[in-house]
Amino acid sequence: MRFLPDEDHRTYAATVRRLLADAEPAKAARAWAAGDQGPGRELWRALADTGLPALAVPEERGGMGWYPSELAAAFVEIGRAAAPGPLVETVALAAALGADPRGGDTAGPWLPRILTGDLLVTVTDPAGPYAVDGYLADAAFVTEGPALHMAVPEGGPLPSIDPTRHLVRCEPATPVESGEPVPGDAARLRSLATLLTAAQALGAGRALLDGSVEYAGRRTQFGRQIGSFQAVKHQLATVAIALEFAEPLLHGAALAVRAQPGGPGPAEGSAGGPGDATDPRDLPAAKAACSRAAHQAARTALQVHGALGYTDEYDLTLHLRKARALHDAWGTPAACHQAVLAGGRFPAVQGEAASGE
Amino acid sequence: MRFLPDEDHRTYAATVRRLLADAEPAKAARAWAAGDQGPGRELWRALADTGLPALAVPEERGGMGWYPSELAAAFVEIGRAAAPGPLVETVALAAALGADPRGGDTAGPWLPRILTGDLLVTVTDPAGPYAVDGYLADAAFVTEGPALHMAVPEGGPLPSIDPTRHLVRCEPATPVESGEPVPGDAARLRSLATLLTAAQALGAGRALLDGSVEYAGRRTQFGRQIGSFQAVKHQLATVAIALEFAEPLLHGAALAVRAQPGGPGPAEGSAGGPGDATDPRDLPAAKAACSRAAHQAARTALQVHGALGYTDEYDLTLHLRKARALHDAWGTPAACHQAVLAGGRFPAVQGEAASGE
Amino acid sequence: MDLEFTASEHAFREEARAWLAAHVPARPLPSLETAEGFAAHREWERVLYDGGWSVVSWPRAYGGRDATLTEWLIFEEEYYAAQAPGRVSQNGINLLAPTLFAHGDEEQLARVLPPMASGETIWAQAWSEPEAGSDLASLRSRAERTERHGGGWLLSGQKTWSSRAAFADRAFGLFRTDREQERHRGLSYLMFPLDAEGVTVRPIGRLDGKPAFAELFLDQVFVPDADVIGEVGQGWRAAMSTAGNERGVTLRSPGRFTASADRLIHLWRSRQEPADSRDRVADAWIRARAYQLAGYAAASADPAGSASGSGSRPGGSGTSVASADSSPGAGGTASPFASSMNKVFWSELDIDLHETALDLLGPGTSEVTEGLPESAWMDGWIFALAGPVYAGTNEIQRDIVAERVLGLPRGR
Amino acid sequence: MDLEFTASEHAFREEARAWLAAHVPARPLPSLETAEGFAAHREWERVLYDGGWSVVSWPRAYGGRDATLTEWLIFEEEYYAAQAPGRVSQNGINLLAPTLFAHGDEEQLARVLPPMASGETIWAQAWSEPEAGSDLASLRSRAERTERHGGGWLLSGQKTWSSRAAFADRAFGLFRTDREQERHRGLSYLMFPLDAEGVTVRPIGRLDGKPAFAELFLDQVFVPDADVIGEVGQGWRAAMSTAGNERGVTLRSPGRFTASADRLIHLWRSRQEPADSRDRVADAWIRARAYQLAGYAAASADPAGSASGSGSRPGGSGTSVASADSSPGAGGTASPFASSMNKVFWSELDIDLHETALDLLGPGTSEVTEGLPESAWMDGWIFALAGPVYAGTNEIQRDIVAERVLGLPRGR
């Protein structure tokens, strides 16, 4: 067993991290929030140039293979940078199209243009029920059981607690034109979206912790750095511990997603033999743990920063707000807990009760 | 409205407190744990001399009326002193016998001898399912719906986490001799037992907080009092706040119990008119809040005392162990939460699932 | 001991309920943190005032109805149960007015209070500075003596996190009048207009982007002597009486939480009573009820007290902190620091209650969905998030509880 | 990155599982905190030893099988899944042995380790003193030089909370050999017999009354030079390597928690899967699994390391703290203070897991019901309660995480 990221993996994550650090993602996020997609699209093209979406698509469909671990590592960095846009959804859709069980080139024009970074698409599922960036994306999809349909966003865009997420109601079963399902693997889509949302949450949590530690060392009150107060220290230590132990679950979840059957992509993961310790429960476990750790990090960041952490203009609050939005996206805590106790299977419609009274 | 203990009430509580402080209750508790009932019986007789059980029994049955608020205040002191024995059960049984719906003197020989402090009795209900001090008490009872039966303890005494509680399995429907129900008001019994258990828990929590504060001011490590560490301070402040806000619920619960219909005792409580803010939900709320605060106090006491708080011989651990036992007695947290959401009604059999696999 | 309202308390409740039923707007007003919403909420203050309900606990002379603390609690219960609009005047009514009652003079009371009661003047608070947040005593903004315009003070410096300041009329705060003195000595409590020469207001957006507070840049802003509250150099004492109030029941009345808890139970029922939320829903109700009962106990302990001056009526003893802060425990110790316990208790309850609601609403509704029924929960959650931070962080409150209530050694 | 065990790791697991299935007593042994139970557990250690399973990670020369850290994790998983008895030798194996591997000499290893492995000698720890609990550096018990009996030391003073000492054979601890030096200078690490002249053992009951630890009164107890571990005066360094170990994975192996979490899920199912416990049950499993995966990551980071010496085999580098404490995060930073994170994590998990079980069992089962199936949960709960306190309180561990991992300013 070697349950550690290998050299390639770490190199790739570092590349993504550097790219994002140089690209002023907070500015892109604020522009995106204001409806200006320019900087966000540019960022996505740069990410696509690193091969990001290609890591979700088999070679015979124009991609590089099936690399959930490396994708998760990249989305930790995307979360750390608070990069805007439906990136999780776009990559997850690419994975679904690439894994079209019917094979061949039936997926329409989207896949090649996602791989080049020209398209951003969104997708939701009945548990959503909102699609993120429904009007800004180039296409919208909705899953229904094992099937995938196109969708038309309905109604006005709704503001989110995360201003970079423009929500649109997007009920299932609104296929355009023919109503024919889009050929794609919806199960793979949901799994990858859950994994990458967890990764993004973990990255947001890391950024919140780092920013809070930095601020606590800088800010003085009562004649001393606030980070020298034991109450502040212990809150930050608690967050550090929560993030530290969420991370191995994320890695485990990536292996579980890699090993998932069904897609045509080369399952480089384990053969599921007797010596295999991958566990499908790691996916909901990772989503719950990463979301929770990020949420704790956000609450603590607010407490450490005081009123500053409650303001729109402070960059760290981009992460703070995203943490709450990601908490419920692609698997609420309750749905994840149910899935853990059901051997890894998510309830049929996540959060069905939420769809109305 | 005057939602404050009046002069008589406070005077009585102070009397009980003084009596217990002078009576070396910890020694009595240790003797009781070892099976020596002498000092515990003496303590109970002294408490009975103050009129304690009489506060649960109407005048026409030899008591002083129906005073749940004053009883609760006394049991806060009993909890603070960690006095041993089935005192809650004895007083609650007296209330049930005194409120015999058929009236008259059908309750047998127990009531007069409870009022004089000569008898200690125990009682449990199907949710128990253990009776505390089943072999030490002079008689054992079990409730079944609205009915009350005598019971015979079965099987060996079981050790409890609270060494002063000698548990005996005591299933329902084991009436002796005739099998006739004992004439008494089982609903009143359960309500009062719940109230007084909550009161006892609150008192235990107060003692745990006081003892921890005292120790934290006395113990030095790293060259300073441990109570000067912010981490210790905040844990103790959190406990103080939990106890402080459990107390008004206990008072509210006492008024709700006082106002409960059904017993022949003079319901001095409200007429339930439009200006009446008593609420039957306060009883389960108080049990949940007092138990929880006491549990928090116990956990914090352990943390503040370190290994000392983990030892049998340190008196404060009598409270620490009782806090966990009271947590589940006469209404688990889950049952209390259900009752709060059901308008104050406890689920038919509290914790039914616990009765076995 | 009882929980029975008197006939007059009961009648008071009925009157309040009937009035609110007739007057509360059918549709929620726009957010008071917007220009449009601010104006709408100012109008609502006028409606309240005309009905005699804007400042129930004040003396009649200033627009109130001399309500007792118990009656004030009743009014607040009814107000929040009726889902009436948020109070745009709350800085003035809850923070400034108690200080005026305790430390102001007759002229100030007569001049300041009626337009505050009617919504004609909306007040912002101006406590924090960039280097003085929790550590308020370290503030640097100064007031320098001038004899111009009949005598007064020139304010200079910077204030921040000034809530309501984006749209309000006037503000109050502490300024250093004696630069030789350190920390909380040499501070004075002043009121000043936000449209005066020398004032620059830079709105700051909170988490939802709305300008719920602002930075104030002050450059030689003139304040006449008449707008100093209490004695020059004694501002800290006056401010502390306000701070106690801010943490106590009067800023976050129990009625706010009992109404929210009832709505939470309603939400839980509407979602088919999911058992995995039962503990959290019940716990929210229990804690809201505990806070309500603690309020009744505090009111019972101080039956003559009005909510306005936290027990100190005009001309009262001035020991307003101590009397405002009588212990919430019905049997309890009358601690002057109970307001610290209150503040920790309600602020953590408020967040837990709203988090539970958001979890019940499920995905998609962790989003602000204005115009949808869920939006109230999201707005409430954002509002609640500030609770453990402002009016003295909960860390500081726990220090106070540990050191002053429990008597633990002072920290280092 | 993978989670696949090698063929030899898999074979190791199968062998362990088969052996445990054949040898674990069908009925639980009596509590090891009683004289009878202590003897029974000592016998079990012998059975383990004879099967080659008592110290799997040690070198074969001392009774082990040279298992890697990954294999040790596997063994522990199988051990706890099989509900095998608690390890009465754990003080020796987990605390003393790593110190010996790092700081002992060949003679000591050869003399001390084999009887430790076989259960012939059971060790107690003797760290704390009445005035030195969390603040271990302030200890006062002293060792004075003597030239009698060929040269050695005379121990005097008092130790307390000495676990296993009520029934054990020997003990190890720190003593002040240089009274001129303060705090952690001038301390030496010594081993001594509990039946020696001058030793008085006073058992102390823990919460369930059982004598799980003892006070030791030492009056001129002779210890030969051969029983000093490492250099005289360098005991603090040796002890710290043990302390790191005590907090790290080796004292509380992930297998213990994954087995408990599986049993908790089983219990939950047997109670008809109450939905109001679902979040807590799932959370316990998630945290146990996280700890397990963190252990795999740590083992992967140090594939050559054995569990015995925390990475420092006999003759190894001696930097045992650093290598034992490699970060649990699979992608993570190799922090030498990860053991502090581990300790907080498993100790709080352990309590929450057992509290959840007790709540599932319901009333009556918050009682110790020996002989009934519930008793294991109650015993486990009592055991878990000590977790946040011993081996450095969680308060101290959080200070370490904050200051040394996060780099926050030192406290005052």
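Proteins get letters first, then strands, A, B, ... in listed order; numbering begins at 1 in each. All heavy atoms count here, side chains included; hydrogens, waters and symmetry mates do not. Treat the numbers as computed from the prediction; the structure is a model and nothing was measured.
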Heavy-atom distances under 4.5 Å only: say whether [X] touches chain B with side chain, backbone, both or neither.
{"X": "D:Arg183", "answer": "side chain"}
{"X": "D:Leu136", "answer": "neither"}
{"X": "D:Ala137", "answer": "neither"}
{"X": "D:Asp359", "answer": "both"}

Contacts under 3.5 angstrom, residues 335-348 of chain B side chains, donor-acceptor by atom type, not counting sequence neighbours:
from, atom 1, to, atom 2, distance (Å)
B:His337, ND1, B:Pro333, O, 3.4
B:His337, ND1, C:Asp279, OD1, 2.8
B:Arg345, NH2, B:Ala342, O, 3.1

Counting only heavy atoms not in D:Glu182 (residues, nucleotides, ligands), do more than 12 fall under 6.0 Å from its CD?
no

Mark yes or no for whether B:Gln221, through its side chain, and D:Gly133, through its backbone, hold a donor-acceptor pair below 3.5 Å.
yes

Does D:Ile382 offer a backbone N or O that forms a donor-acceptor pair with the side chain of B:Tyr310 under 3.5 Å?
yes

Run the numbers on B:Gln230 and D:Glu395 for side chain to side chain contact (heavy atoms under 4.5 Å, CB included), then give the verdict.
CA-CA 10 Å; B:Gln230 203 180 24; D:Glu395 284 74 25; over 6 Å; no

dist D:Asp208:CG -> B:Asp162:CG (nearest 0.5 Å) comes out at 13.0 Å

Please flag which part of B:His305 lies under 4.5 Å from any non-hydrogen atom of chain D: side chain, backbone, both or neither.
neither

Considering non-hydrogen atoms only, spot the tightest contact between D:Phe213 and B:Ala307 and give its length.
CZ-O, 4.5 Å

Strictly below 4.0 Å, N to O, side chains only: are B:Glu313 and D:Arg206 in salt-bridge contact?
no

Residues of residues 293-303 of chain B within contact distance of chain D, non-hydrogen under 4.5 Å:
B:His295, B:Arg299, B:Leu302, B:Gln303

